[in-house]
Amino acid sequence: MLPNDEYRKNILPYIQIKNNQARLKNLLTKLDSHDISFCEYVKLEYKFDDSCYAVAKNKYPSPEMQKSFTNYHNSTFDKNHPKLVAKYGLTEKKPTF
């Protein structure tokens, strides 16, 4: 049994837009090849975003620095996210359709 078989069986049939269904199938297949479930991958994405948040919060802790905080968070995310998706053979576009 593959990590995403249950997801394919229980979720995929409810996606009505065929193009999105095909893209999700491809994503699940790619994740299966790395032995990771879709849910585990989403958790990794959240952990990654949280780490970018923590770095930005450490650098710009006060509310008055919100614009700098947001810019720093986004640049940190944009700079490092390609490394995360590449680890699973994905591109920036694949996991975020």
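We number each residue from 1, following the sequence as shown. Just so it is clear, the structure is predicted and the values come from calculations on it, not from any experiment.
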Inset, instruction - Applying side chain to side chain contact (heavy atoms under 4.5 Å, CB included), run through L90 and L27 and close with a yes or a no. - result: CA-CA 8 Å; L90 302 171; L27 174 59; 3.6 Å; yes
Just list the side-chain donor-acceptor pairs under 3.5 Å for residues 50-65, sequence neighbours left out, or say none.
| residue | atom | partner | partner atom | Å |
| --- | --- | --- | --- | --- |
| S51 | OG | F48 | O | 2.6 |
| S62 | OG | E64 | OE1 | 3.1 |

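- A search for side chain to side chain donor-acceptor pair (under 3.5 Å) contacts involving S37 returns E40, not counting sequence neighbours.
- Residues passing the side chain to side chain donor-acceptor pair (under 3.5 Å) test with Q16, sequence neighbours excluded: none.
- Note that the CG atom of N80 and the OG atom of S75 stand 9.0 Å from one another [nearest 0.5 Å].
- Rounded to the nearest 0.5 angstrom, L31 CG and L44 CG are separated by 9.5 Å.
- With sequence neighbours excluded, no residue forms a side chain to side chain donor-acceptor pair (under 3.5 Å) with K67.
- Note: K87 NZ to Y41 OH = 10.5 Å, rounded to the nearest 0.5 Å.
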With a 3.5 Å cut-off and sequence neighbours excluded, list the donor-acceptor pairs that the side chains of residues 8-15 form with protein atoms.
| residue | atom | partner | partner atom | Å |
| --- | --- | --- | --- | --- |
| R8 | NH1 | N4 | O | 3.4 |
| R8 | NH1 | D5 | OD1 | 3.2 |
| R8 | NH1 | D32 | OD2 | 2.9 |
| R8 | NH2 | D32 | OD2 | 2.5 |
| N10 | ND2 | E6 | O | 3.3 |

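- D78 is linked by a salt bridge (Lys or Arg N to Asp or Glu O under 4.0 Å) to nothing, counting only residues two or more places apart in sequence or in another chain.
- Cluster annotation: L28 and I17 are assigned to distinct hydrophobic clusters (Ile/Leu/Val/Met/Phe/Trp/Tyr, side-chain heavy-atom contacts under 4.5 Å, transitive).
- A continuous path of hydrophobic side-chain contacts links I36 to L84 [ILVMFWY only; heavy atoms under 4.5 Å].
- A donor and an acceptor atom, one from each side chain of H73 and D49, are located under 3.5 Å apart.
- Annotation for E45 and H81: closest pair OE1-NE2, 2.8 Å, computed over non-hydrogen atoms.
- In the hydrophobic cluster analysis, where Ile, Leu, Val, Met, Phe, Trp and Tyr join through side-chain heavy atoms closer than 4.5 angstrom, Y88 is grouped apart from L2.
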